[in-house]
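Start at 1 and go down the list; that is how both ligands and their atoms are numbered.
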Amino acid sequence: MDKIVEMIGVDKGFPGVQALKDARLELYKGEVHALMGENGAGKSTLMKVLSGIYKKDAGEILIRGKPEEPVGPREAQALGIGIIHQELSLMMDLSAAQNIFIGREPRLSFGRIDDAEMNRKAATLFSSMHLDLDPQTVVGDLTIAKQQMIEISKALSFNSEVLIMDEPTAALNDAEIADLFNIINKLKANGVGIVYISHKMDELKRIADRVTVMRDGQYVGTVDAKETPVDQIIAMMVGRKVQHDPLVVPEISDVPVALEVRGLNRGKEIRDVSFKLHRGEVLGFAGLMGAGRTEVARAIFGADPLDAGEVFVGGEKRHITSPHDAVKAGIGYLSEDRKRYGLAITMDVAANTAMPNLENFTSQLGVLNESEIDTATQEMVDKLNIRTPSIHQEVRLLSGGNQQKIVVGKWLLRDCDIFIFDEPTRGIDVGAKAEIYRLIEDLTARGKAVIMISSELPEVMRLSHRILVMCEGRVTGILPGGEGTTQEDIMTLATQRDTNQQNAGYIQ
Ligand SMILES: Nc1ncnc2c1ncn2[C@@H]1O[C@H](COP(=O)(O)OP(=O)(O)OP(=O)(O)O)[C@@H](O)[C@H]1O
Ligand SMILES: [Mg+2]
């Protein structure tokens, strides 16, 4: 097989962090090469070196056997290297088409941008990806999933020979992932070499040919993706075995209700949603993307207005019309869109941790107790194994997954009675996932109630005492957690498009 990229002995340091030391990667034409490792292992950094965004301190890069040192993304593109970034790099005020062709817009003979041609080209690209999207839509108005698809289209439009995908599916639903995998297979058949970064172990088996594992910026090894057991790959990543304890499902019928929701309605997105959440319970929300799970969460949290519906907290009816009201009622919401709502990325780790918890760290005289903030932050950093040179590092300088851990961590520190976690483990490595599960279990052991929205079914099944399934804005059923429920049971309800059942009725 033709080797298209070879990176040998690559070092890269940042102030206080040795992000890469003796990192290595070898990519053949027409292969999908998974790059795996814990959050902060150096995957994105290695790929930014390859795509000319960072300059390496030492080492060698061979492209088609020739030593190269791409400086800047344009030079990398000229060498045939394209990258889909982990953090979306789109301009929120521009249209989808403008984002794709930025800096290389088709022009009319007198120099003006040919908008019609640009939109046509974008439309062709989208239809090749089965993406139902008007090229003129302003990107900021789109869901993260759609934005992610635009980012992918943009990378594809360069016709690169080497395509780096840094967690491309983090925000995609199953159908979108299937479309992406079809595209990947086509690219492979055309001889494109793909570096694929993901924390989802099932994708590794579905799409990858080989895997290279990194740990602490170092090369650990390269193995065959299909033949190597997942456990072995995880052990290479974390340097130890990760254990999952089985769920113990408590009897919840006689436990007090923490939250009750009756007849929530908003347009077509939320239709007659009613349920009860008990103290000490994890209620999983399952459903396909667009089923209305996030909409229900946002409505309970007062982030979006309702047409109708009642919310009871601890048996008392509450009028929640803003997140502020919700927090006062003891409800915390970890949003799935962390970039927009979750982090102040130019502030440091400690400030981000303290922000939603200021009252806990303020003395009666209104003075912030910084040493307490530092202690709590350090504890969170240790528990979730957040890779940062110090708690005073700016959050934007951390790896994507470590940023996620901070958002999750700061909510776990909060003193809420009811937690709503929307995709809490997105982009988070296996070791820290297990730790987050444990922290959620700690919360429920202390009588807290948790709603857990996740598109990873095994995760919902492992953590939930009961699983509420939604389809097209309606609750289609509530299943018991634990061994008794299968993925098929959930999928049956998640695809139950029964519209003549006007009123799904009250489900306990
Ligand atoms: N610009 C930067 N300045 C300072 N430190 C950085 C910078 N970029 C990355 N780092 C650090 O380098 C290390 C490797 O980060 P990198 O983003 O490559 O990790 P990753 O393997 O992609 O992790 P994730 O799975 O979380 O995306 C981390 O400790 C990170 O904090
Ligand atoms: Mg990364």
Side-chain angles (χ1 to χ4, degrees), residues 7 10-25 33-57 59 73 83-89 148 151 164-171 195-201 203-204 211-220 233-234 236-239 338-339 342-343 345-350 352 377 381-382 384-409 423-436:
M7 302 180 84
V10 178
D11 290 354
K12 174 72 190 170
F14 296 107
V17 185
Q18 188 64 36
L20 299 175
K21 41 185 183 248
D22 198 14
R24 219 181 302 165
L25 182 77
H33 196 120
L35 184 57
M36 305 204 78
E38 291 189 288
N39 297 133
K43 305 176 297 291
S44 297
T45 304
L46 186 65
M47 291 302 98
K48 284 179 183 167
V49 167
L50 179 57
S51 55
I53 295 159
Y54 291 152
K55 190 175 171 335
K56 61 182 162 49
D57 300 336
I83 181 163
I84 299 167
H85 284 287
Q86 182 175 14
E87 321 83 29
L88 300 179
S89 58
Q148 180 79 65
E151 188 90 20
I164 303 158
M165 300 188 170
D166 197 346
E167 296 190 41
T169 61
V195 181
Y196 190 88
I197 300 177
S198 173
H199 289 287
K200 300 183 186 169
M201 302 309 287
E203 293 187 348
L204 171 79
V211 195
T212 287
V213 176
M214 297 179 72
R215 187 163 72 230
D216 296 332
Q218 258 174 323
Y219 175 81
V220 175
I233 294 170
I234 292 179
M236 288 169 79
M237 283 165 62
V238 301
R338 321 262 205 271
K339 265 273 159 66
L343 281 175
I345 58 165
T346 56
M347 292 170 80
D348 70 11
V349 177
N352 270 281
T377 306
V381 163
D382 295 342
L384 294 181
N385 191 17
I386 295 172
R387 300 283 165 82
T388 178
S390 100
I391 58 171
H392 297 298
Q393 179 83 332
E394 276 182 50
V395 164
R396 71 182 167 88
L397 299 178
L398 301 188
S399 80
N402 282 304
Q403 293 184 10
Q404 302 275 27
K405 288 184 190 176
I406 291 170
V407 193
V408 177
E423 303 289 355
T425 64
R426 182 180 283 170
I428 285 181
D429 64 50
V430 275
K433 265 184 190 165
E435 188 56 31
I436 286 174

[Y] and [X], any side-chain heavy atoms less than 4.5 Å apart:
X	Y	answer
His199	Ile428	no
Gln86	Ile197	no
Asp22	Tyr219	no
Gln404	Asn39	no
Lys48	Leu46	no

(Q) Looking at Lys405 and Glu435, is there a salt bridge between them, counting it only when a charged N and a carboxylate O are closer than 4.0 Å? (A) no
Q: Give a yes or no on whether a salt bridge exists between Asp216 and Arg387, defined as a side-chain N under 4.0 angstrom from a carboxylate O.
A: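 Looking at Asp216 and Arg387, the cut-off is met.
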**Q.** Derivation of the side-chain hydrogen bond (donor to acceptor under 3.5 Å, both in side chains) call for Thr388 and Gln393
**A.** CA-CA 7 Å; Thr388 178; Gln393 179 83 332; 5.4 Å; no
(Q) Strictly under 2.8 Å, how many protein N, O or S atoms lie near the Mg ion (ligand 2)? Waters don't count. (A) 2
Ligand 1 N/O to protein N/O, distances under 3.5 Å:
residue, atom, partner, partner atom, Å
ligand 1, 1 (N), Tyr54, OH, 3.2
ligand 1, 5 (N), Leu397, O, 3.4
ligand 1, 10 (N), Leu397, O, 3.3
ligand 1, 18 (O), Ser44, N, 3.4
ligand 1, 18 (O), Thr45, N, 2.8
ligand 1, 18 (O), Thr45, OG1, 2.5
ligand 1, 19 (O), Gly42, N, 3.4
ligand 1, 21 (O), Ala41, N, 3.2
ligand 1, 21 (O), Gly42, N, 2.9
ligand 1, 21 (O), Lys43, N, 2.8
ligand 1, 21 (O), Lys43, NZ, 2.8
ligand 1, 22 (O), Ser44, N, 2.9
ligand 1, 22 (O), Ser44, OG, 2.8
ligand 1, 23 (O), Gly40, N, 2.8
ligand 1, 23 (O), Lys43, NZ, 3.4
ligand 1, 23 (O), Ser399, OG, 3.3
ligand 1, 25 (O), Asn39, ND2, 3.0
ligand 1, 25 (O), Lys43, NZ, 2.7
ligand 1, 25 (O), His199, NE2, 2.8
ligand 1, 26 (O), Asn39, ND2, 3.1
ligand 1, 26 (O), Ser399, OG, 2.7
ligand 1, 26 (O), Gly401, N, 2.6
ligand 1, 27 (O), Gln86, OE1, 3.1
ligand 1, 27 (O), Gln86, NE2, 2.8
ligand 1, 31 (O), Leu397, O, 3.3

Q: List the steps, then state whether side-chain contact (heavy atoms from CB on, under 4.5 Å) holds for Gln148 with Ile84.
A: CA-CA 9 Å; Gln148 180 79 65; Ile84 299 167; 4.0 Å; yes
